[in-house]
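Keep in mind it's a predicted model, so treat the numbers as computed, not measured. Counting convention: from 1, in listed order, for ligands and their atoms alike.
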Amino acid sequence: MNVYDSSRLVALLETEGWKETDDLQSASMYILNTCSIREKASEKVFSFLGRLQKEKERAKKRLKTPIFIGVVGCVAKDQSDNIFKRAPYVDFVLDSQSYHKIFDFLKGPTEKFIKTNLPSLEKFDVLPKIKKTPASAQITIQEGCDHNCTYCVVPFTRGREISRPFTDIINEINHVVSLGAKEIVLLGQNVNGYQFKADNKIYRIYDIIKNIAKNPKVSRVRYVSAHPLEMTDDLISLYDGSIKCMLPHLHLPLQAGSNRTLKRMNRGYTKEDYFKIVEKLKIVSPDIKFSTDLIVGFPGESEEEFLETLEMVKQINFITSFSFIYSARDHTPALKLADDIDYSTKLDRLNRLQSALTKIQTNFNLGQKNTKITVFIEDDAIDKNFMLGRSIYMQTVLISKTDSLVDTIIIGKIYIVEITRSTPNNLYGKII
Ligand code: SAH
Ligand code: SF4
């Protein structure tokens with residue numbers, strides 16, 4: 001979502017003549033769009049700010065214009081009081097619902113400026129349309145979250161759950177498709193909780209996907225992050241193969257496999273509920289595969305409870321995953337619980353969990369060696385000899401330019417790729 005927000009902020013700044021640059025030294029404004037989901041992400045902001053301070057000092061000598069440093073996004077909200085204290089050279093701080101107020105700072109008196117009271121989604125009415133899009137375009141459909149998981153800072157940093165008007169979303173999708181987008185990724189902290197009332201109807205994510213599917217120029221649609229409690233039957237029915245752009249893959253954060261931990265996390269479901277959703281989806285889409293998010297070392301998690309998570313991971317066979325050590329965050333209910341598991345135990349659990357997950361992922365990737373699969377070309381790869389693509393299961397596929405049987409590989413197109421090699425994280429292949 002920060003990538004999406006940044007692209008909208010860039011489009012806004014361009015209306016007043018600003019230009020994005022990769023070159024720190026020539027920049028006259030630095031904006032850090034920040035994440036505070038775990039302490040590490042938040043702390044990175046402060047270390048990077050230290051580096052920017054030096055750039056600012058150097059640039060001041062070189063450039064005639066004033067140099068600004070701004071912090072936007074979730075750390076802006078989470079650490080608002082702290083930022084000017086810890087980094088007094090920062091000029092402005094804007095939370096994720098207020099970054100469109102940047103001109104109030106740039107055009108006003110250039111003293112310290114802060115706006116962090118999370119108003120509604122008014123930014124979407126103010127922000128100009130983007131002018132260029134990647135082949136895989138991200139569109140925010142809802143923001144904030146009302147689930148209140150006890151470990152999570154999102155309800156504080158992004159605010160209460162609000163869904164954008166259905167027609168605004170469809171217009172934005174049509175706009176990015178007219179610019180060349182071929183894949184649409186719907187974004188939200190609780191994306192499948194999307195709900196918008198208009199014309200005596202409640203629009204849900206089902207309606208958005210159905211609408212996208214009517215557009216022949218869109219070849220794939222995805223959504224992140226889904227919550228198990230919002231996996232409604234209408235959404236599940238979309239996996240039945242009747243909609244070409246739906247993939248047999250779902251990222252469905254589980255967090256933990258023990259009912260006691262899930263309860264204390266306030267996730268609102270049991271492991272049995274989660275299994276039921278998986279079963280329902282498998283009936284509708286027998287080839288479907290799952291990926292997930294997991295947390296180890298939540299306060300009070302016993303070894304037995306951790307083993308339940310490990311067991312569930314093996315049973316569901318998550319083909320990819322993000323797993324984290326619990327990180328205590330300010331403004332969260334879990335902060336009141338004793339963070340009682342020592343770091344070495346947390347790390348040991350993370351290692352055991354990740355080695356089980358890597359084993360599943362490695363085997364799954366290996367199973368695709370010497371097969372032919374469909375791959376969406378997302379972009380150039382970092383290594384210029386390859387293009388970066390995604391399988392239907394969202395595996396990274398690196399496609400050799402020299403071995404492929406086509407002269408040019410077109411970004412945004414889907415090709416049949418023969419997989420010649422697999423590693424735990426990537427597939428390698430050539431277009432046939
Ligand atoms: N809305 C999504 C997740 C958003 S945050 C959901 O409900 O699943 C992305 C992931 O970060 C979470 O799924 C969780 O695994 C992890 N996470 C969030 N807060 C965390 C914390 N305090 N410590 C460790 N991991 C955390
Ligand atoms: Fe955070 Fe996701 Fe829980 Fe919402 S559902 S509180 S975003 S972890």
Nearest-neighbour protein heavy atom for [atom], which is reported as residue plus atom name and distance:
atom	result
atom 16 (C) of ligand 1	Arg38 NH1, 3.3 Å
atom 5 (S) of ligand 1	Ile37 CD1, 3.5 Å
atom 15 (O) of ligand 1	Gln255 OE1, 2.7 Å
atom 19 (N) of ligand 1	Tyr151 CD1, 3.3 Å
atom 21 (C) of ligand 1	Ser327 O, 3.6 Å

[X] to ligand 1: N or O pair under 3.5 Å?
X	value
Arg267	yes
Asn190	no
Ser225	no
Tyr326	no

Between Arg86 and Glu43, is there a salt bridge with N-O shorter than 4.0 Å? yes
With no hydrogens and no angle check, just 3.5 Å: does a side-chain donor-acceptor pair link His249 and Ser291?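 His249 vs Ser291: donor-acceptor pair found between side chains.
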As an exercise, identify every atom of ligand 1 less than 4.0 angstrom from a heavy atom of Arg329.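 The list of qualifying atoms is 22 (N).
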Could you list which atoms of ligand 1 come closer than 4.0 Å to a heavy atom of Asp293?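 Selected atoms, number and element: 9 (C), 10 (C), 12 (C), 13 (O), 15 (O).
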Using a strict cut-off of 2.8 Å, how many protein N/O/S atoms surround atom 3 (Fe) of ligand 2? 1
Between ligand 1 and Ile325, can you find any atom pair, the residue atom being a heavy atom, that is separated by under 4.0 Å?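 Flag set, Ile325 near ligand 1.
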Should His147 be listed as contacting ligand 1, given a heavy-atom distance under 4.0 Å as the test? no
Can you name the one residue among Phe105, Phe92, Tyr30 that meets ring pair (Phe, Tyr, Trp, His ring centres under 6.0 Å) with Phe68?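 Going through the options one by one, the only one that passes is Phe105.
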So which heavy atom on Glu143 is nearest to which on Thr140, and how close? CG-CG2, 3.6 Å
Leu12/Lys123 under side chain to side chain contact (heavy atoms under 4.5 Å, CB included): CA gap, chis, key distance, verdict: CA-CA 10 Å; Leu12 179 70; Lys123 68 179 178 196; over 6 Å; no
Exceeds 12 heavy-atom contacts within 6.0 angstrom, atom NZ of Lys201: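 Atom NZ in Lys201 is packed in, count exceeds 12.
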Under 6.0 Å from the NZ atom of Lys384, do we count more than 12 heavy atoms belonging to anything else shown?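 Yes - once you tally the heavy atoms of other residues, nucleotides and ligands closer than 6.0 Å, there are more than 12.
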So do the side chains of Val397 and Asn426 get within less than 4.5 Å of each other, counting heavy atoms only?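 SC-SC contact between Val397 and Asn426 ruled out.
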Quick one, Ile288 and Lys282 - any side-chain contact, counting heavy atoms below 4.5 Å? yes
Out of Lys314, Lys271, Arg349, which one pairs with Glu308 under the salt bridge (Lys or Arg N to Asp or Glu O under 4.0 Å) rule? Lys271
Location of contacts on [X] toward ligand 1, heavy atoms closer than 4.0 Å:
X	value
Phe324	side chain
Glu39	neither
Gln189	backbone

Give a yes or no on whether the backbone of [Y] and the side-chain of [X] come within a donor-acceptor separation of less than 3.5 Å.
X	Y	result
Asn365	Thr423	yes
Glu230	Val191	no
Thr292	Leu254	yes

As a test of the contact definition, would atom 9 (C) of ligand 1 count as having a protein heavy-atom neighbour under 4.0 Å?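 For atom 9 (C) of ligand 1 the answer is yes, since some protein heavy atom falls inside 4.0 Å.
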Straight-line distance of Lys182 NZ to Lys413 NZ, nearest 0.5 Å: 10.5 Å
